[in-house]
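Before I ask anything, here is the structure I am working with.
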Amino acid sequence: AHFDAASISHAAGATLDHEKLAYLIGSLTVLIMLILVFTSFQQSRIELWRTLLIIGLSELTIMLMMPLILPDNTPVLLESIFDVLLLMLFVSPVAWRLKKAADGLYQKQQEVEKNLHSQNAINQLLSLPLHQLDMEELLNKALKIIFNIAWLKVVPKGAIFLNNPNDKILRMAAQHNLSPEIRRSCAEVAHGHCLCGTAAAMLEIQHHSHVDAAHIVKYEDMLDHGHYIVPLISERQLNGVLCLYLKAGHQFNQAEADI
């Protein structure tokens, strides 16, 4: 029998073209499936089977694409490296989605822990024996409970003023770690004077990250610091003011203010 070399070469080339076409169709089909699965992955909660399916489809797509991209004589090591790089490229959107979900879970966990600490502090405040302590002891214990809130980034230093509605004067009723100069200068504070007086007059939380012009009461060698000044209001009546100290530069935090 006589075989034409050109015919054999043509038949082999046709077979090779058909194989590449099959690989191309297969890889495109799997790629479309991969896109559909990843789209549903983005729009729904994370599930293990979806993640594994995406990784499996990614690897299958790469296996079908490799014969179309690399020459037949490509070394095995180079094929493996190329396989890993392509898999990292395909799976990177999944990794980003997982990171985003993990960040969301961490934030929720932080919020839950903050709420637990806040609720615990409120419970401790409500459980204080009102009839067994005088006002100063009661308010000092309240200050210590506030300072023990783990996530509240305040310096363990501050005061509680009680309001006299008749003369519009705040009188320091309790304090913790205040310097003698501040205890003397701020024993009585008129509404509208310095930071505590401003909070009393405006009935709004005052936040200052540094000792600025609004901090009228000062003394020699006073270190830079910040403040949350919180008016204590009940039934639209001002009962007093809570003065908390912050480290210099501490920025306003709504969660801290809300507590």
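Just the heavy atoms: all of them, side chains too, but no hydrogens, waters or symmetry mates, feed the values below.
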In this structure, would M172 and I169 fall into the same cluster of hydrophobic residues linked by side-chain contacts under 4.5 Å?
no
Locate the shortest heavy-atom distance separating I205 from Y228; write the atom from each residue and the value.
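Residues I205 and Y228, closest heavy atoms: CG2-CD2, 4.4 Å.
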Answer with yes or no whether the hydrophobic clustering places M222 together with L178; edges join I, L, V, M, F, W, Y residues whose side-chain heavy atoms lie under 4.5 Å apart.
yes
Using the side-chain contact (heavy atoms from CB on, under 4.5 Å) rule, take V112 and L116 through it: C-alpha gap first, then chi angles, then the decisive distance, then the call.
CA-CA 6 Å; V112 169; L116 287 174; 4.2 Å; yes
Is there a donor-acceptor pair under 3.5 Å between the side chain of R171 and the backbone N or O of A187?
no
Close side-chain approach of S209 and H250, heavy atoms under 4.5 Å:
no
Taking all heavy atoms of C196 and all of I229, pick out the closest pair and write down the distance.
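Looking at all heavy atoms of both residues, the closest pair is CA-CG2, 3.6 Å.
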Is the side chain of Q251 donor-acceptor paired with the backbone N or O of G249 at a distance under 3.5 Å, no angle test?
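Yes; at least one donor-acceptor contact below 3.5 Å.
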Could you tell me how the ring of F147 sits relative to the ring of H176: parallel (under 30°), tilted (30 to 60°) or perpendicular (over 60°)?
tilted
Would you mind reporting whether I160 and V241 have side-chain heavy atoms less than 4.5 Å apart?
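No, every pair of side-chain atoms sits at 4.5 Å or beyond.
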Does a side-chain heavy-atom distance below 4.5 Å link D103 with K99?
yes
Nearest heavy-atom pair of N177 and P156: which atoms, and what distance?
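Minimum heavy-atom contact is ND2-O, 2.8 Å.
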Is the closest side-chain heavy-atom distance between L232 and F161 below 4.5 Å?
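With C-beta onward as the side chain, the pair stays apart.
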Cluster question for you: counting only ILVMFWY and a side-chain heavy-atom cut-off of under 4.5 Å, with indirect links fine, are V189 and L242 together?
no
Going by distance alone, is a donor N or O of one side chain under 3.5 Å from an acceptor N or O of the other, for N123 and Q119?
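Yes, Q119 and N123 have a side-chain donor paired with an acceptor closer than 3.5 Å.
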Here the gap from H193 atom NE2 to C186 atom SG, rounded to the nearest 0.5 Å, amounts to 7.0 Å
Does I182 reach the side chain of V217, with side-chain heavy atoms less than 4.5 Å apart?
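Touching, per the 4.5 Å side-chain cut-off.
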Got more than 12 heavy atoms from elsewhere within 6.0 Å of NZ, K218?
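Count over threshold, so yes.
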Heavy atoms only: give me the nearest W151-K114 pair and the separation to one decimal.
NE1-O, 3.2 Å
Are H225 and H215 close enough that their ring centers fall under 6.0 Å?
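Judged by ring-centre distance (under 6.0 Å), H225 and H215 do meet the cut-off.
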Could you go through H207 and L246, starting from their C-alpha distance and side-chain angles, then the distance that decides it, and tell me whether this counts as side-chain contact (heavy atoms from CB on, under 4.5 Å)?
CA-CA 10 Å; H207 169 263; L246 305 169; 3.8 Å; yes
Heavy atoms, side chains only, cut-off 4.5 Å: are L85 and I81 in contact?
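Yes, side chains in contact.
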Roughly how far, to the nearest 0.5 Å, is the CG atom of L238 from the NZ atom of K168?
10.5 Å
I'd like to know whether NZ of K141 has more than 12 heavy-atom contacts from other residues, nucleotides or ligands below 6.0 angstrom.
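Count not over threshold, so no.
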What is the minimum heavy-atom distance between L143 and G158, and which atoms define it?
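So the minimum-distance heavy-atom pair works out to CD1-O, 4.1 Å.
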Shortest non-hydrogen contact from A200 to L170?
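For A200 and L170, the tightest heavy-atom pair comes out as CB-CD1, 3.9 Å.
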To the nearest 0.5 Å, what is the distance between CD on Q124 and NZ on K144?
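The NZ atom of K144 is 13.0 Å from CD of Q124, to the nearest 0.5 Å.
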Does H191 reach the side chain of N163, with side-chain heavy atoms less than 4.5 Å apart?
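A side-chain contact exists here, since the closest heavy-atom pair is under 4.5 Å.
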State which residues pass side-chain contact (heavy atoms from CB on, under 4.5 Å) with L162; sequence neighbours excluded, sorted by chain then number.
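Counting only residues at least two positions away or on another chain, L162 forms a side-chain contact (heavy atoms from CB on, under 4.5 Å) with M135, L139, A173.
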Taking C-beta and beyond as the side chain, do V155 and K247 meet within less than 4.5 Å on heavy atoms?
yes
To the nearest 0.5 Å, how far apart are CG in L125 and CG in N120?
9.5 Å
For E136, does the CD atom have more than 12 heavy-atom neighbours from other residues, nucleotides or ligands under 6.0 Å away?
no
Would you check if the side chain of D224 reaches a backbone N or O of H210 as a donor-acceptor pair within less than 3.5 Å?
no
Starting from L195, can I reach F252 by hopping between I/L/V/M/F/W/Y residues whose side chains sit under 4.5 Å apart?
no
